[in-house]
Undergrad: 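Pasting a structure here, questions to come.
Order of the sequence lines fixes the chain letters, A, B, ..., with proteins taken first and strands second; residue numbering starts at 1 for each chain.
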Protein chains: 2
Amino acid sequence: MPRNKEANQKVKDERRDQILSAALRLFATKGLSATKITDIALKSGMSQGLIYHYYKSKEEIFTWLIGSAMAKMNEAALNLEKLPVSAKEKIIIALEGLLKGFNENADTANYYFLITQTALSDAYPEDAKEIIRTQNDVKYGVITRILKQGQMDGTVKDHDANEMATLFFSSINGLALNKAIYGQRFKMPDSNILLSMFLK
Amino acid sequence: MPRNKEANQKVKDERRDQILSAALRLFATKGLSATKITDIALKSGMSQGLIYHYYKSKEEIFTWLIGSAMAKMNEAALNLEKLPVSAKEKIIIALEGLLKGFNENADTANYYFLITQTALSDAYPEDAKEIIRTQNDVKYGVITRILKQGQMDGTVKDHDANEMATLFFSSINGLALNKAIYGQRFKMPDSNILLSMFLK
DNA sequence: GTCTATATCCAGATAGAC
DNA sequence: GTCTATCTGGATATAGAC
């Protein structure tokens, strides 16, 4: 019995992951409202009914995705801040890492779009919006602090750091959306062009 | 009789405009699928039934909006290209005009978001997607040509012009989305920061 | 032209068999 | 745990009165 319990738990986790990964792509390409539970069931290879065995509702799946996306992003941002390198280096690493992520893993761009949609739209679950509202400024804070540090050591341009951070994420977001739209056909621009906004 | 005909036509046009302007805001904040015809009716102050007197379906309203948005943008782009000023000046005018537009007219940002959504999502009308597919490269073409001209006269940086154009619109799009999300609370960054990506 | 009432359909969620 | 069948609500679109 205790043995089976573990095995069962593993199956359960796998199922939940299947659902999440199918849902992520569907939500990103169709939006929450236009994604039907049957779509998710079809794509994850199970019946509609079974979905409800693992999640209470479509909204719950959605909110779960947003929560884990924000958690991953914030973790990455905080790890970046702790790296034992200069501010300038951190900015280069961040930017190149993000662009590379978009190229190598389609889900990365999808997560970005999901977050944008959710923040913008009234039609998304309130608790998902709440997660974004409370957690979005973590990564903004990290980049702003790094930029300010770079200004102190003279490697970063002397524009307003908050405005630069806004442009940092606006541009990244814009690129993510382009990537999500055009997929393989989208050629990521050279990171040096973007860097020239921030670095002296 | 011929007199009334004109008056009637005017009322009809006004009604159609009311519907379009209500629909634009709703589509931009909720997405196509989550926007109900009753929402549009409520916001434009008429009954559901009447909407169908002016438009065949929700999708038709949507496609109409996309068409007019693309037409306006392309017209603006082509006018920009014809201005009797230097390439550098054109880039400055374009960027500052866009940022100003986002600040002064909320609909501008909404149009951008609508277009992004439509390009990305399978759940949007095929003819709307087609409009974007065929017309989106007009403005890309304009900016790319201006950038190349600026490279020839030595005022624009020597990165790949296509990549710079991509970054131009990605950044603009990202800012438009931020504006659409945060409205008044969003402070547009100084255009000089963005310009530093392109100008020497 | 405009409204109210309604037919029709479709999707979310549940129930119950295996 | 998984499926099929079904309940139920809500949204699109239409019909018909004024």
Undergrad: At under 4.0 Å between heavy atoms, what does B/Lys58 touch on the DNA or RNA strands: base, sugar-phosphate, or nothing?
TA: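 It contacts sugar-phosphate atoms only.
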Undergrad: Please output the side-chain donor-acceptor pairs of residues 24-31 of chain B that fall under 3.5 Å, not counting sequence neighbours, one pair per line with the distance.
TA:
residue, atom, partner, partner atom, Å
B/Arg25, NE, B/Asp107, OD1, 3.4
B/Arg25, NH2, B/Asp107, OD2, 3.3
B/Thr29, OG1, B/Arg25, O, 2.7
B/Thr29, OG1, B/Leu26, O, 3.4

Undergrad: Provide, to the nearest angstrom, the distance between the CD1 atom belonging to A/Ile40 and the P atom belonging to C/dA13.
TA: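 One finds 10 Å between P of C/dA13 and CD1 of A/Ile40, rounded.
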Undergrad: How does each nucleotide of nucleotides 1-7 of chain D score, in 5' to 3' order, for protein heavy atoms under 4.0 Å: base (B), sugar-phosphate only (S), or none (-)?
TA: SBBB---
Undergrad: Using a 3.5 Å cut-off and no angle test, enumerate the donor-acceptor pairs between side-chain atoms of residues 155-164 of chain A and protein atoms at least two apart in sequence or in another chain.
TA:
residue, atom, partner, partner atom, Å
A/Thr155, OG1, A/Gly150, O, 3.3
A/Thr155, OG1, A/Asp153, OD1, 2.6
A/Lys157, NZ, A/Ser196, O, 2.6
A/Asp160, OD1, A/Asn162, N, 2.8
A/Asp160, OD1, A/Glu163, N, 2.9
A/Glu163, OE1, B/Asp190, N, 2.8
A/Glu163, OE2, B/Lys187, NZ, 2.5

Undergrad: I need the full list of side chain to side chain donor-acceptor pair (under 3.5 Å) pairs touching residues 166-178 of chain B, with sequence neighbours left out, sorted by first then second residue.
TA: A/Ser170-B/Asn178, A/Ser171-B/Ser171, A/Asn178-B/Ser170, B/Thr116-B/Asn173
Undergrad: In whole angstrom, what separates B/Leu26's CG from D/dA11's P?
TA: 14 Å
Undergrad: Please table the atom pairs, donor to acceptor, closer than 3.5 Å between any side-chain atom in residues 39-52 of chain B and protein atoms at least two apart or in another chain.
TA:
residue, atom, partner, partner atom, Å
B/Asp39, OD2, B/Lys36, N, 2.9
B/Ser44, OG, B/Ile40, O, 2.6
B/Ser47, OG, B/Leu50, N, 3.4

Undergrad: Whole angstrom is fine here: how far is it from OH in A/Tyr52 over to P in C/dG12?
TA: 6 Å
Undergrad: I'd like to know if B/Lys12 pairs up with B/Glu6 as an ion pair, taking the criterion as any Lys NZ or Arg NE/NH1/NH2 lying under 4.0 Å from an Asp or Glu carboxylate oxygen.
TA: no
Undergrad: Tell me which pairs pass side chain to side chain donor-acceptor pair (under 3.5 Å) where either residue lies in residues 81-91 of chain B, with sequence neighbours left out.
TA: B/Glu81-B/Arg145
Undergrad: For DNA chain C, find the residues of residues 32-39 of chain A with a heavy-atom distance under 4.0 Å and give them by number; none if there aren't any.
TA: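 Close to the strand are A/Thr35, A/Lys36, A/Ile37.
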Undergrad: So which pairs with a foot in residues 58-68 of chain B pass side chain to side chain donor-acceptor pair (under 3.5 Å), sequence neighbours left out?
TA: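 The answer is B/Thr63-B/Asp127.
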Undergrad: When the distance from CD1 of A/Ile19 to P of C/dA13 is rounded to whole Å, what number comes out?
TA: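 In whole Å, C/dA13 P lies 13 Å from A/Ile19 CD1.
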Undergrad: Looking at residues at least two apart in the chain, or sitting in another chain, which of them share a ring pair (Phe, Tyr, Trp, His ring centres under 6.0 Å) with A/Tyr140?
TA: A/Phe169
